[in-house]
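Before any comments, here is the structure.
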Amino acid sequence: MDKRNLGSQGLVVSELGLGCMGMSEFYGTSDEDESIVTIHRALELGITFLDTADMYGPFTNEKLVGKAIADRREQVTLATKFGNERREDGSWVGVNGKPEYVRSACDASLRRLGVEHIDLYYQHRVDPEVAIEETVGAMKELVEVGKVRYLGLSEAAPETIRRAHAVHPISALQTEYSLFSRDVEDEILPTLRELGIGFVAYSPLGRGFLSGAWKSIEDLPDDVRSERFPRFQEENFGKNLELVGRIGEIADEKGVTPGQLALAWLLYQGGDIVPIPGTKRRKYLEENAAAADIKLTEGDLTRIEEVMPKGSVAGERYAEQQMRSINR
């Protein structure tokens with residue numbers, strides 16, 4: 001697995017990462033033992049960039065990742081997030097960017113992960129009630145005392161990114177990006193490239209849609225069929241399934257899966273982009289890892305653009321209330 005730079009402060013990660021969220025919550029049932037061996041297999045394959053967050057579980061995903069890497073911390077570039085505050089029972093508190101919360105959340109994550117430092121610490125969502133300068137100021141203090149090495153943001157607007165970067169260099173922005181979700185190409189990516197900030201693409205397989213595994217709404221886990229994700233609702237599902245079918249035809253011709261083609265496409269969008277497909281099974285991990293070896297020609301990229309042009313996907317990526325929490 002090749003390496004890529006995230007930002008210009010020295011953070012180097014594997015060109016594909018591993019999203020660990022689904023190992024503890026969302027997208028069906030969990031299997032801790034299989035999740036741990038999946039993380040170990042990722043490290044064997046050179047996928048050493050692991051992504052978690054305190055809210056996943058809540059709190060249990062950090063514990064799982066910490067358990068998996070306890071005897072191999074030096075092999076891992078570890079990213080986690082704060083800011084989406086939940087209670088132990090899973091209930092939602094809100095977005096919190098207050099400096100005192102930043103400090104307490106970091107200490108709690110360090111304890112759950114069982115590590116002395118976090119390699120990349122993100123603000124999960126921007127708190128509209130707290131100036132970004134205050135939040136990043138507290139994050140900067142964590143770097144200064146050695147608890148965190150590099151800073152990141154998630155789902156932040158261009159002006160917010162600029163203001164944050166002026167307080168302390170931001171190494172990476174994490175936002176949804178895939179053939180299904182390309183709005184970042186308008187303003188976000190140009191801003192990052194101007195400032196020298198890397199991009200981490202979450203949900204690079206369109207929450208599994210681009211894997212080609214789902215043929216009907218009945219195939220979906222209940223939490224994906226919910227009102228949270230309009231692209232999976234009945235009025236949009238058929239249209240989007242047709243788009244995936246077109247990608248599948250190109251994938252068949254190249255002897256790869258639709259998901260592998262989608263990941264390869266992302267890797268070709270720039271050397272500053274690192275996708276973090278999530279999985280909790282070795283089979284799919286290995287399939288995703290093989291995408292890094294796929295070669296795409298200019299003709300391939302043009303054809304992909306023709307069959308799934310930007311803006312062709314039906315439905316927003318989140319429901320209306322959640323859409324209000326992004327791009328702040």
Side-chain angles (χ1 to χ4, degrees), residues 1-7 11-23 35 37-52 65 68-69 72 75-79 119-120 171-182 184-185 189 192 198-213 244 247-248 250-305 308:
M1 189 67 59
D2 289 340
K3 302 286 188 179
R4 291 191 170 189
N5 294 312
L6 284 178
L11 178 57
V12 180
V13 302
S14 53
E15 64 178 337
L16 284 176
L18 175 61
C20 299
M21 179 186 73
M23 296 176 177
S35 295
V37 295
T38 297
I39 290 173
H40 292 170
R41 179 62 178 145
L43 301 182
E44 291 172 359
L45 293 170
I47 298 175
T48 56
F49 183 38
L50 304 183
D51 183 270
T52 182
V65 171
I69 68 170
R72 56 201 82 195
Q75 300 178 37
V76 174
T77 304
L78 183 60
D119 295 305
L120 177 59
S171 294
L173 177 81
Q174 181 177 143
T175 294
E176 186 170 350
Y177 188 25
S178 70
L179 281 167
F180 262 29
S181 300
R182 296 179 57 183
V184 298
E185 295 173 358
L189 277 173
L192 299 180
F199 187 94
V200 175
Y202 79 80
S203 293
L205 296 175
R207 304 186 189 283
F209 218 137
L210 287 162
S211 70
V244 174
I247 291 295
I250 300 174
D252 286 345
E253 292 173 12
K254 294 190 71 67
V256 301
T257 68
Q260 287 173 328
L261 185 66
L263 289 174
W265 176 86
L266 253 185
L267 290 169
Y268 271 79
Q269 300 313 299
D272 53 351
I273 294 172
V274 177
I276 52 167
T279 185
K280 50 194 172 184
R281 296 183 179 89
R282 283 166 286 178
K283 172 185 174 182
Y284 300 118
L285 170 80
E286 291 168 355
E287 182 177 303
N288 292 339
D293 296 324
I294 296 173
K295 306 299 181 185
L296 298 180
T297 66
E298 286 298 322
D300 292 330
L301 294 169
T302 298
R303 190 173 170 204
I304 291 170
E305 183 71 28
M308 190 180 283

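Note that the CG atom of Leu263 and the CG atom of Asn288 stand 5.5 Å from one another [nearest 0.5 Å]. Within the model, atoms CD1 of Ile247 and CD1 of Ile304 stand 5.5 Å from one another, a figure rounded to the nearest 0.5 Å. In this structure, CD1 in Ile276 is found 10.0 Å from CG in Leu50, a value given to the nearest 0.5 Å. Taking CG from Leu16 and CG from Asp2, the interatomic distance works out to 10.0 Å, rounded to the nearest 0.5 Å. The distance from atom CZ of Phe199 to atom OH of Tyr177, rounded to the nearest 0.5 Å, is 7.5 Å. Remark: Leu267 CG to Glu15 CD distance equals 5.5 Å, nearest 0.5 Å.
When atom types are taken as modelled, the side chain of Arg4 and the backbone of Gly270 share a donor-acceptor pair closer than 3.5 angstrom. Distance alone, capped at 3.5 Å, is enough to place a donor-acceptor pair between the Ser14 side chain and the Thr48 backbone.
In this structure, the side chains of Val200 and Leu6 come closer than 4.5 Å at one or more pairs of heavy atoms. Side-chain contact between Phe49 and Leu120 is present, with heavy atoms from C-beta onward closer than 4.5 Å. Within the 4.5 Å cutoff, side-chain heavy atoms of Thr279 are placed close to those of Leu18. Side chains of Met308 and Leu210 form a contact here, defined as non-hydrogen atoms less than 4.5 Å apart.
Contact detail for Ile47 and Ala289: the closest heavy-atom pair is CD1-CB, 3.8 Å. The two atoms that bring Gly259 and Leu205 nearest to each other are O-CD2, 3.4 Å, heavy atoms only. Residues Ala42 and Leu285 share a closest heavy-atom pair of N-CD2, 3.4 Å. Residues Pro258 and Ala251 come closest through the heavy atom pair N-CB, 3.7 Å. Pro277 and Gly17 get closest at one heavy-atom pair: CD-O, 3.5 Å. Considering every non-hydrogen atom in both Lys280 and Gly22, the closest pair reads CD-O, 3.3 Å.
A salt bridge links Arg182 to Glu305: one of the charged nitrogens lies within less than 4.0 Å of a carboxylate oxygen.
Residues satisfying the salt bridge (charged side-chain N to carboxylate O under 4.0 Å, His left out) test with Arg303, not counting sequence neighbours, are Glu253. Contacts of Asp300 classified as side chain to side chain contact (heavy atoms under 4.5 Å, CB included), with partners at least two apart in sequence or in another chain: Lys254, Leu296, Thr297.
The environment of OH in Tyr284 is sparse: at most 12 heavy-atom neighbours from other residues, nucleotides or ligands sit within 6.0 Å. Around the NZ atom of Lys3, the shell of radius 6.0 Å holds more than 12 heavy atoms that belong to other residues, nucleotides or ligands.
Pairs passing the side chain to side chain donor-acceptor pair (under 3.5 Å) check and including a residue from residues 260-273, sequence neighbours excluded, read Arg193-Asp272, Thr257-Gln260.
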